Structure formats: C-alpha cells, structure tokens
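This is a predicted model, so every value here is computed, not measured.
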Amino acid sequence: MSEENWQEGASTASPHFLASQSPASIGEAVILLALDPEVSRFSGKSLSTWALSDAYGYTDADGTRPHWGNHYKEHAEGGNEQR
C-alpha cells in the first residue's frame with residue numbers, strides 16, 4: 001500500500017474505508033502533535049485524525065479533510081449502513 005494506491009483495495013475491504021484519510025494524513029497528525037508545545041492538552045485522551053485535522057486545520061494530501069466520525073454518523077450508525 002502506498003500514498004498513490006491506498007484507495008484501490010479500500011473499496012473491496014469496506015465501502016466505508018474510502019471515507020477515511022490517506023497514510024499521509026496520519027503522518028501529518030503525528031508531526032503536528034510532536035511540534036505542538038501545548039500537546040499536553042491531549043493527555044489521557046483517545047485521538048482521531050479527523051479531530052486532529054479540526055484542531056490543527058490541516059488537509060489530506062489531496063486537499064480534502066476526511067472526517068470519518070461524521071461519515072459514520074451519516075451512513076453507518078444505528079444500522080443505517082449504506083453499501
């Protein structure tokens with residue numbers, strides 16, 4: 001899997017996987033956390049890349065801001081899964 005082809009296998013794994021972020025987005029989140037002088041505000045919390053993109057304002061490599069949490073609420077939560 002690479003930045004160029006991560007979506008190719010995604011659609012066969014799950015229709016929801018395509019709503020996720022690329023590997024570059026995860027890397028950007030790690031970099032921003034490492035550079036954040038106030039990173040302690042996240043101590044003891046579970047973090048998601050979509051929440052971190054909201055907090056830091058970064059975009060994915062293709063310029064999008066995937067928010068899997070919102071995708072899940074709209075398409076899969078409570079048995080409303082769309083395939």
Same apolar cluster: Y58 and V30, side chain cutoff 4.5 Å = no
[atom1]-[atom2] distance between [X] and [Y], expressed to the nearest 0.5 angstrom:
{"X": "Y56", "Y": "D36", "atom1": "OH", "atom2": "CG", "value": "3.5 Å"}
{"X": "K73", "Y": "W68", "atom1": "NZ", "atom2": "CH2", "value": "11.5 Å"}
{"X": "T49", "Y": "E28", "atom1": "OG1", "atom2": "CD", "value": "12.0 Å"}
{"X": "H67", "Y": "D54", "atom1": "NE2", "atom2": "CG", "value": "4.5 Å"}

Check whether any side-chain N or O of D60 sits under 3.5 Å from a backbone N or O of Q21 as a donor-acceptor pair, and report yes or no.
-> no
Using atom types as modelled and distance alone, determine if a side-chain donor or acceptor of S40 lies under 3.5 Å from a backbone N or O of S43.
-> no
Are N70 and W50 close enough, and set up right, to give a side-chain contact (heavy atoms from CB on, under 4.5 Å), and what steps lead you there?
-> CA-CA 9 Å; N70 287 343; W50 59 88; over 6 Å; no
Run the numbers on L32 and L52 for side-chain contact (heavy atoms from CB on, under 4.5 Å), then give the verdict.
-> CA-CA 9 Å; L32 291 168; L52 290 172; over 6 Å; no
Looking only at heavy atoms, the pair that brings A24 and A61 closest together is CB-CB, 4.1 Å
